[in-house]
Every structure is written in C-alpha cells, then in structure tokens.
Amino acid sequence: MPELPEVETVRRTLAPHLTGRRILQTHIGEYRRTVATPDPERFCARMDGRSIVELGRRGKFLLFRLDSGDTVTIHLRMTGELSVVEPAAATTPHMHLWFDLDDGRQLRYYDVRKFGRWSLITPAQFELFDQSIGPEPFDPELTAETFASMLRGRRRILKPLLLDQSFIAGIGNIYADEALFRAGIHPRRHSHELTADEAERLLCEIRWVLSSALEHRGTTLRDYRDGNGEPGENLSRLQIYSLDHDDPCPRCGARIVRDVVGQRGTRFCPSCQPVNPQAK
DNA sequence: TGACACCTGCGT
DNA sequence: ACGCAGGTGTCA
C-alpha cells in the first residue's frame, strides 16, 4: 500500500483531525498484541493523557510527536489504514489499535495482513531511527552529484538498491518501476556503472514520479485509503507498473517485460530501458 | 543475493 | 488450487 506519496497523503489528511488533540485512552486488540512496541501495557501507559503536538513523516513512516517528547512511529507496510471517526461509526474486522480523543472522536488502525508496526520511542531512540534511514528524496541537500556518488559507492543492482530504505527513503515497488522507466534505465543495471548523466536523470524522475503521485493523493491498487477513507487518484497516471507482460510500451510500442528482480515483480520496456546502453 | 517468512484476500 | 499483492526482516 504505502510508499512516500501515500504516507504523506495520510499525514496531510489526518493532521487537521489530530494536531493538538489529547489521547484519552489507547486500546490494543487481543488478537494482535505484537502490533506495538513496547508491550501493550507500557505502550498504552505512555500514550494515555498525552497530546499530539504534530504529525510528521520520515520515509514511509508516519510520525506522531507527543507533548512528552516521545514519538510514535507507524509503518503501514502493505495494508495498514488509519481513520478518524465518530465512536458510533461501524467497525470492520482487523482493527488492531485505536484511541479515544478529547473531542469525542476515535483514531482507528486497521491492518488486514497484520504486517504494520507501531513504536513509541524516546528522543534518543528517534535519533538512531532517523540515522538508520537514507535521505528524503526531496531534501535539497540531495544534489545530483551527491546522488551519483551514493550510487557509485554501492555496487548493487539498481532496483533493489532504490527499494533499500537505508539508501534512499520512501521509494517502493510502484515508483521504482515508474522512475526507472521514465529515466530509460534497466532495473538490473549496476549502481556503480551509471553515468553522471543517468544518475541525474534518475533522481529527477524519482522526484517527478513522487511529486506527481502526491499531487493525485497516492495510488490505490486495492486497499490504500487516506485518513478520510478516500482512495488515491494516481493509478491511471502510472505508465508502466499497471501494465502486463507483452502489453505495448506507451512510449515505443515494444512489448513490456514482467519479471522478478530482487524478489519483486518488475515491469520494464527492454527497448526504452536497454541493459547495455553503450551498445545501442 | 536469494529463499523464505510474516498474513489475508482476491482474481484466474 | 494457485499465484500474486503497495514491505521488510532473517537466514543461509
């Protein structure tokens, strides 16, 4: 479900409902006690009575900054979903964690596949967390030159490297394929073999793809909903991820290839994204 | 680097 | 019945 544009859309849609609100009582469902760390008793004890000062985001993590100085980090993984509703609102299965707010409403967290995680961390723990994640794609300090030298410094297959959150934050399977397609770079190229020109193009297309998706409030393939329960509108804008094997490339008409790279389904155009560009 | 694990549900 | 899914963690 969520890559950077989707998490950022959730942040923006939840912020008006949660900023400044006090958490009266936190609840963790019995069938998913490992959803949060520390354990449910400590987690709830440190949450209850605190106010949410600000909503943030780091990579694919949503952040609730509390007035205690602690931070809640939430990773939605594949099917996590958050919404603020009236307590009387009908509930659906797979609600694992929720809390009562001081305006009488509830924040609810659903996760069908149960991969998502919440953590309540101290400022010192936040520093470590923050350092373990690569740069934000829109960080102005991430220049084309910096990005090129990051790529040269890692001898890795390009696509799995883009998905590695310690290398760069927020990119997932959809937008990795989209950015590589737009940049005309084969997903199996090696990071240290890209030219400076290609590195610059790739960074540029990563930013284009992410900001365009954000403008359309994220991509809903199936489950993703923002904080108001609305799906994103970006699916129809995807150029390659939504295509099947042998579909025509939207740019050149050649047949799209779908194979597996780094254990992830990967779409690319062998003609627009040659393995060996020099030979072209 | 890959194989597999963690989960549930949906489309073929 | 089987393959696949927006993510990541751990093992060899």
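We name chains A, B, ... by the order of the sequence lines, and we start the count at 1 in each one.
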Starting at atom [atom1] of [X], determine the distance to atom [atom2] of [N], rounded to an integer number of angstrom.
{"X": "A:N173", "N": "C:dG6", "atom1": "CG", "atom2": "P", "result": "4 Å"}
{"X": "A:L76", "N": "C:dG7", "atom1": "CG", "atom2": "P", "result": "11 Å"}
{"X": "A:D177", "N": "C:dG7", "atom1": "CG", "atom2": "P", "result": "10 Å"}
{"X": "A:L162", "N": "C:dG7", "atom1": "CG", "atom2": "P", "result": "12 Å"}
{"X": "A:D164", "N": "C:dG9", "atom1": "CG", "atom2": "C1'", "result": "12 Å"}
{"X": "A:R264", "N": "C:dG9", "atom1": "CZ", "atom2": "P", "result": "12 Å"}
{"X": "A:D111", "N": "C:dG6", "atom1": "CG", "atom2": "P", "result": "15 Å"}
{"X": "A:H190", "N": "B:dT1", "atom1": "NE2", "atom2": "C1'", "result": "11 Å"}

Note: [X]-[Y] ion pair, threshold 4.0 Å (strictly below):
{"X": "A:R267", "Y": "A:D259", "value": "no"}
{"X": "A:R46", "Y": "A:D70", "value": "yes"}
{"X": "A:D247", "Y": "A:R258", "value": "no"}
{"X": "A:E54", "Y": "A:R65", "value": "no"}
{"X": "A:R77", "Y": "A:D111", "value": "no"}
{"X": "A:R22", "Y": "A:D48", "value": "no"}
{"X": "A:E136", "Y": "A:R58", "value": "yes"}
{"X": "A:E8", "Y": "A:K60", "value": "no"}

For A:R207, does the CZ atom sit with more than 12 other heavy atoms under 6.0 Å from it, leaving out its own atoms?
yes
Pick the [atom1] atom in [N] and in [M], then give their distance to the nearest Å.
{"N": "B:dT1", "M": "C:dA5", "atom1": "C1'", "answer": "22 Å"}
{"N": "B:dC7", "M": "C:dA1", "atom1": "P", "answer": "22 Å"}
{"N": "C:dG9", "M": "B:dG9", "atom1": "P", "answer": "24 Å"}

At 4.0 Å (heavy atoms only), tell me whether A:R258 reaches a base, stays on the sugar-phosphate, or touches nothing.
sugar-phosphate
Indicate, with a heavy-atom threshold strictly under 4.0 Å, whether A:R117 touches base, sugar-phosphate, or nothing.
nothing
Any side-chain N or O of A:H75 below 4.0 angstrom from OP1/OP2 of C:dT8?
yes
A:K60 side chain N/O closer than 4.0 Å to the phosphate oxygens (OP1, OP2) of C:dT8?
yes
Under 4.0 Å protein heavy-atom contacts per nucleotide of nucleotides 2-12 of chain B, with B for base, S for backbone only and - for none
BB--BBBSS--
Between which residue ranges does DNA chain B form stems of three or more consecutive Watson-Crick or G-U wobble pairs, both distances under 3.5 Å?
B:1-6 with C:7-12, B:8-12 with C:1-5
Those residues at least two apart in sequence (or on a different chain) that pass side-chain hydrogen bond (donor to acceptor under 3.5 Å, both in side chains) with A:S83 are none
Position toward the 5' end of DNA chain C (nearest nucleotide), A:Q165 or A:T266:
A:T266
